[in-house]
Amino acid sequence: MPELPEVETVRRRLEPALTGRRIVALTVADATVSAQTGAELRHLALGRDVARLRRRGKYLIVDLEEGILVVHLRMTGQLLFERPPTPRRPRFTIEFDDGSFLHFCDVRRFGRLWALRDEAELEHFFAELGVEPLSPGFSTARLRALLDGRRAPLKAFLLDQRRIAGVGNIYADEALFRAGLHPLRPAGSVGPRGAGRLREALVETLELGIAQAGTSVDSFVDPEGASGSFQEILNVYQRTGEPCRRCGTPIQRVVVGGRGTHFCPRCQPKRRMGRHAAGAKARGTT
DNA sequence: AGTGGCTCCTGGCGGC
DNA sequence: TGCCGCCAGGAGCCAC
């Protein structure tokens with residue numbers, strides 16, 4: 001499922017291919033892909049050059065010289081560039097002036113496309129979206145403020161795009177493992193040190209995901225059809241019953257907010273113990 | 001207000 | 001061997 005690292009991978013692959021190219025056709029084969037009609041989308045996009053590609057959370061932003069296209073891949077969305085023949089019937093296709101194509105394929109049909117007029121509309125579009133975790137604004141102080149008072153489990157907190165933008169099920173589980181925090185722990189119970197560890201874990205996990213070109217456990221491929229490799233180094237996600245890579249304890253699975261959640265019960269204790277208490281317990285002296 | 005639960009959608013897989 | 005039913009999950013919506 002495309003999360004921040006997968007969308008960033010798509011952005012990086014697509015940017016050099018699309019920048020400077022003019023949109024000469026836009027075909028919508030599945031009307032449910034957008035609240036706007038094909039005619040409305042074409043009115044905004046046709047004849048416009050691609051200026052640059054940006055990302056915000058899990059959204060891909062295609063800036064035209066005038067107007068903005070926004071794409072969300074949701075569960076199974078794939079943006080495929082110049083891959084004839086098209087593997088599956090695309091939900092929409094954009095043709096460029098040099099004869100190249102960008103196809104949006106999406107088996108589960110959750111993905112969405114929006115056409116916006118300008119930056120002001122984009123700002124409004126993202127009004128409810130939380131902090132960008134790989135931006136300088138994502139400080140420990142900021143995270144602490146977001147965690148403060150929340151009774152929701154950490155896992156649910158991380159999946160809430162209004163707090164932090166771009167974290168999905170895979171990277172939430174992996175970041176919590178890296179931070180040594182239990183997914184069911186109330187978000188507001190995490191202290192300053194825990195918040196520091198969580199911030200660092202989130203940044204490291206997401207950056208590692210980008211370095212590995214994403215996770216291909218489901219259907220994720222980049223615009224050239226290539227898989228990512230983060231799935232090869234997952235610590236907990238979809239490793240239920242397998243030994244923890246750090247301590248050997250079998251990975252457990254629970255459901256939090258309807259989402260499969262994977263963790264190591266030993267590396268991610270429900271209550272964080274102090275160094276002294278942890279040492280005493282390990283020696284059997286408590 | 002904040003939080004949890006339901007819904008969409010379809011390929012894949014478990015079970016009989 | 002074949003088929004049926006259930007599951008996964010991002011985010012919007014609704015209810016408490």
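Chain A is the first sequence line, chain B the second, and so forth, proteins listed ahead of strands; every chain is numbered from 1.
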Query - Interatomic distance, A:R112 CZ vs B:dT7 C1' [rounded to whole Å] - result: 12 Å
Requested in this report: Please answer whether the main-chain N or O of A:L64 pairs with a side-chain N or O of A:R48 as donor and acceptor at a distance below 3.5 Å.
Outcome: no
Query raised in the report: Would a distance-only check, ignoring hydrogens and angles, find a side-chain to backbone donor-acceptor pair under 3.5 Å from A:Q212 to A:G209?
Result: no
**Report entry** N/O donor-acceptor pair under 3.5 Å between A:Q161 side chain and A:V167 backbone
**Finding:** yes
Query raised in the report: Which part of the nucleic acid, if any, lies within contact of A:F157, taking any heavy atom under 4.0 Å across all strands shown: a base, the sugar-phosphate backbone alone, or nothing?
Result: nothing
Report task. Using a 4.5 Å cut-off on heavy atoms from C-beta on, say whether the side chain of A:L102 contacts that of A:T93. Result -> no
Query raised in the report: Residues from residues 141-151 of chain A sitting under 4.0 Å of DNA chain B, heavy atoms only?
Result: A:R150, A:R151
Report summary line: For DNA chain B, the expected dot-bracket line (Watson-Crick or G-U under 3.5 Å, [ ] crossing, | inter-strand) is .|||||||||||||||
Report summary line: The residue among A:R56, A:R52, A:R11 that forms salt bridge (charged side-chain N to carboxylate O under 4.0 Å, His left out) with A:D63 is A:R52
Requested in this report: Would you indicate, yes or no, if C:dA11 has its OP1 or OP2 atom less than 4.0 angstrom from a side-chain nitrogen or oxygen of A:H72?
Outcome: yes
Mind listing the side-chain donor-acceptor pairs of residues 247-261 of chain A below 3.5 Å, one per line with the distance, residues two or more places apart or on another chain?
{"residue": "A:T261", "atom": "OG1", "partner": "A:K155", "partner atom": "NZ", "Å": "2.8"}
{"residue": "A:T261", "atom": "OG1", "partner": "A:R259", "partner atom": "O", "Å": "3.1"}

Query - Nucleotide nearest A:Q161 when distance is taken to its side chain, options C:dG10, C:dA11, B:dC9 - result: C:dA11
**Report entry** Value in whole Å for how far the P atom of B:dG2 lies from CG of A:D160
**Finding:** 10 Å
Query raised in the report: Can any side-chain N or O of A:E174 pair as donor or acceptor with the backbone N or O of A:L234 at less than 3.5 Å?
Result: no
Report summary line: Taking B:dG4, C:dG12, C:dG9 as options, the one with an atom nearest any side-chain atom of A:Y237 is C:dG9
Query raised in the report: Does OP1 or OP2 of C:dA8 have a side-chain N or O of A:R259 closer than 4.0 Å?
Result: no
Query raised in the report: 5'-most contact on DNA chain B: A:G258 or A:F110, nearest heavy atom basis?
Result: A:G258
Requested in this report: Give A:R109 one of three labels, base, sugar-phosphate or nothing, depending on what nucleic acid heavy atoms sit under 4.0 Å from its own.
Outcome: sugar-phosphate
Query raised in the report: Between C:dA8, B:dT3, B:dG4, which nucleotide has the shortest distance from any of its atoms to the side chain of A:R163?
Result: B:dT3
Query raised in the report: Which is true for A:R253 with a 4.0 Å heavy-atom rule: it touches a base, it touches only sugar-phosphate, or it touches nothing?
Result: sugar-phosphate
Query raised in the report: With the threshold set at 4.0 Å, does a side-chain nitrogen-carboxylate oxygen contact exist between A:R178 and A:E204?
Result: yes
Query raised in the report: Of the candidate nucleotides C:dA11, B:dG4, B:dT10, which contains the atom at the shortest distance from the side chain of A:P153?
Result: B:dG4
Query raised in the report: Which is true for A:F220 with a 4.0 Å heavy-atom rule: it touches a base, it touches only sugar-phosphate, or it touches nothing?
Result: nothing
Query raised in the report: So, is the end of the A:R246 side chain (NZ or CZ) under 6.0 Å from the ring centre of A:F177 and within 45° of the ring's axis?
Result: yes
